[in-house]
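Heads up: the structure comes next, in structure tokens.
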Protein chains: 2
Amino acid sequence: MRGLGYRRNSTARALKTRRTGLIGVVSPGDSTFGPSRMTLAIEEAAREAGYATALSVVRDPDPTSVDEALEFFLDRGIDGIVVIAPVVAMAEAARQISRTVPVVVLASAAEQTPDMQVLGIDQVAGARMAVRHLRQGGRERIAHVCGPEEYHDAQGRIIGWREELRDAGLPLLPLARAGGWSAADGHAAARRVLARKGGDQGGGEAPDAIFAANDHLALGVVQAVREAGLSVPEDVAVVGFDVVDGADFFSPPLTTVRQPFEEAGAAALGALFGAGAGGPDGATVPRVRRGASSGSSRGPSLIQPRLVVRASG
Amino acid sequence: MRGLGYRRNSTARALKTRRTGLIGVVSPGDSTFGPSRMTLAIEEAAREAGYATALSVVRDPDPTSVDEALEFFLDRGIDGIVVIAPVVAMAEAARQISRTVPVVVLASAAEQTPDMQVLGIDQVAGARMAVRHLRQGGRERIAHVCGPEEYHDAQGRIIGWREELRDAGLPLLPLARAGGWSAADGHAAARRVLARKGGDQGGGEAPDAIFAANDHLALGVVQAVREAGLSVPEDVAVVGFDVVDGADFFSPPLTTVRQPFEEAGAAALGALFGAGAGGPDGATVPRVRRGASSGSSRGPSLIQPRLVVRASG
DNA sequence: GGAGAACGCCCTGTCGTGCTT
DNA sequence: AAAGCACGACAGGGCGTTCTC
């Protein structure tokens, strides 16, 4: 009889079992690149585990908006929540949630507490890979165009850049902070870097390499370098971050760092229901196991990115 | 009393009212650009209307996968479904769904039936804008690097290119079909275009402009043009489609066509519950009204894109 | 193995109260 | 003053499943 047209009513089932089989993903509305890929990965892993995925987009990542998204999910009796939190304010807002439902936060740097797991991609390690590659290519004055302050990833990349320079005994050049993540922002910041020809605190000469905090910034950096009458990579090497679509055909093709977003998304779902808890129908969800590779024991579990070498540096 | 800690159980409510207040979005898993932006827009519009949005990603856009996604939603008692269908197979699979739930398909070309609304962005018009701009800039031999055949958008852009050339009395050059949407695909196709120096059916000379079916393809096209010893835009103008992030800092900055994805997403939601039906709590959802601008009366309602002129053509 | 209770909400029907004519 | 009317409080059944007895 189930063969012809019968379909179990999942609402009644949810009422009785007190599990909706729904998980919520809170995602920032801007910068659709990383977050959207993670969302897709979470959804696929969730479906695999028998869960459906609900989405809630947060336009401005302030605590109230995140709170609203969380409340929205709680009202709908969601079984678990993944918060994609590229900015500090989102991660902090997630911390406020009631302990009634498991929460995992995807962020490269946020303090983990017993009832809020954090995991992300190791930005420090990624930045070090980029800078190490530059330095092994013989560059010695490596500047950094970093992203906006409120982003975990921007901060992590600064730290990695600093650490690698320090360990290599290379001079620490002054930092150029971009106002956003776009090519125009990278262009403006790179002009500032190139303008300070010498004499100031960072050291005497112009940089021979620039590490940009993402590929779009790098695009603007390349442009600025050329406008200064210099060539890439001969005079100034440039490396980016993210492996944006088309980066292999930028001029020149961009050396950059690949972030395993898919892996991070899948790991987030594994972490949500990992502690032996089963799926909505009782099936067991495989728990993610992945060693924390840097940072304190209370920091997030980190996934390693990978360097992609092309012509720009 | 509701003030302190009470929260209405939406599951019980759904059981009684037979409405879950959930809508489903079926989205392709590849090419995350357009679809992901539309998904975000749908979610925001849905939340505005009191609905939550569930997501189901389809990795390979074949009919069985789409069917699975649709079944998945039906099992969960969803109130309506939006299918983002860039490829023909997805739109067709959506047609098979039972009439128990309203469905709207986001596709630039698919036949509309009484129980399946279709709406999308006018690819033909967008392509005509691009080609018209080229021709008004004095170009007369305008080639087209088109996208993979199974994509509605690729087909629409071919039609627009053809129509505009025909109406202007310009020669119709042979088409170069790219194998995908990436820069590498565009590069390969453009090399073929530039290799046929003359003598074949298309006419005697090499093109003085290339309309690429999207910005990534255009990136590869620019590269191929340069490898042929020609310059952009002096020898060969290039225009793209999509206004990808960073396109303003490509070298040269890319002339391209902006698709109002957000508007399309919001319109899809409006169309879902437009016919006087209210939101999950009875509130009325504003219906989208937008004139169909081309095609037969059974074709989709179309939203107009906009040309963005920069240095490449 | 088959009957029945319970999940929490919505909706209907009944009854009681207070006000009007 | 008695009867009618309007409205609010309250109890009960049922949505379709799961789980117990």
Side-chain angles (χ1 to χ4, degrees), chain A residues 1-24 46-56 67-81 97-103 272-273 275-285, chain B residues 1-24 46-56 67-81 97-103 272-273 275-285:
Chain A
M1 64 172 82
R2 307 212 157 200
L4 8 78
Y6 172 74
R7 141 173 295 153
R8 177 168 63 184
N9 182 317
S10 66
T11 307
R13 174 180 232 251
L15 179 62
K16 182 60 189 169
T17 61
R18 310 177 144 281
R19 315 181 67 182
T20 52
L22 258 184
I23 65 149
R47 191 144 35 96
E48 193 80 17
Y51 286 92
T53 303
L55 193 62
S56 187
D67 247 28
E68 272 175 36
L70 260 17
E71 282 298 311
F72 184 70
F73 282 152
L74 255 23
D75 276 348
R76 297 193 113 91
I78 229 114
D79 289 346
I81 300 181
I97 202 178
S98 76
R99 282 97 186 91
T100 50
V101 65
V103 177
L272 241 200
F273 300 113
D281 46 4
T284 314
V285 181
Chain B
M1 67 173 81
R2 308 212 156 201
L4 8 76
Y6 175 74
R7 141 173 295 153
R8 178 167 65 184
N9 184 318
S10 67
T11 307
R13 173 179 232 252
L15 179 61
K16 180 63 187 168
T17 60
R18 311 180 143 280
R19 315 180 68 182
T20 52
L22 258 185
I23 65 149
R47 192 143 36 94
E48 194 80 19
Y51 286 92
T53 304
L55 192 63
S56 188
D67 247 28
E68 274 175 33
L70 261 18
E71 282 298 311
F72 183 70
F73 283 151
L74 256 24
D75 276 347
R76 301 210 83 113
I78 229 116
D79 288 345
I81 299 180
I97 202 177
S98 75
R99 282 94 186 93
T100 50
V101 66
V103 178
L272 240 200
F273 300 112
D281 46 4
T284 316
V285 181

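Excluded from the calculations below are hydrogen atoms, water molecules and symmetry mates; all remaining heavy atoms, backbone and side chain alike, are included. Here is how names work: the chains are called A, B, and so on, in the same order as the sequence lines, proteins then strands, and each is numbered from 1.
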Starting at CZ of B:R18 and ending at P of C:dC11, how long is that distance when rounded to a whole Å? 13 Å

Please determine if a side-chain N or O atom of B:Y6 lies less than 4.0 Å away from the OP1 or OP2 oxygen of C:dC9. yes

List for me each residue that meets salt bridge (Lys or Arg N to Asp or Glu O under 4.0 Å) alongside A:D75, sequence neighbours excluded, and say none if there are none. B:R7

Can you check whether B:R8 has a side-chain N or O nearer than 4.0 Å to OP1 or OP2 of C:dC10? yes

Send over the distance from B:D75 CG to D:dT17 P, rounded to a whole Å. 12 Å

From CZ of B:R19 across to P of C:dC10 the rounded distance in Å is 13 Å

Does the side chain of B:R13 get closer than 4.0 angstrom to OP1 or OP2 of D:dC15 through an N or O atom? no

Out of curiosity, B:L15 CG to A:N9 CG, how far, rounded to the nearest 0.5 Å? 6.0 Å

To the nearest Å, how far apart are B:R7 CZ and C:dC7 P? 20 Å

Ignoring the backbone of B:T17, work out which of D:dG16, D:dT18, C:dC10 is nearest its side chain. C:dC10

Separation of C:dC7 C1' from B:N9 CG (nearest whole Å): 8 Å

To the nearest angstrom, the CG-P distance between A:L15 and D:dC19 comes to 13 Å

Please name all residues satisfying side chain to side chain contact (heavy atoms under 4.5 Å, CB included) with B:S56, sequence neighbours left out, ordered by chain then number. A:E43, A:R47, B:A69, B:F72, B:F73

From CA spacing to verdict: side chain to side chain contact (heavy atoms under 4.5 Å, CB included), A:D79, A:L22: CA-CA 6 Å; A:D79 289 346; A:L22 258 184; 5.8 Å; no

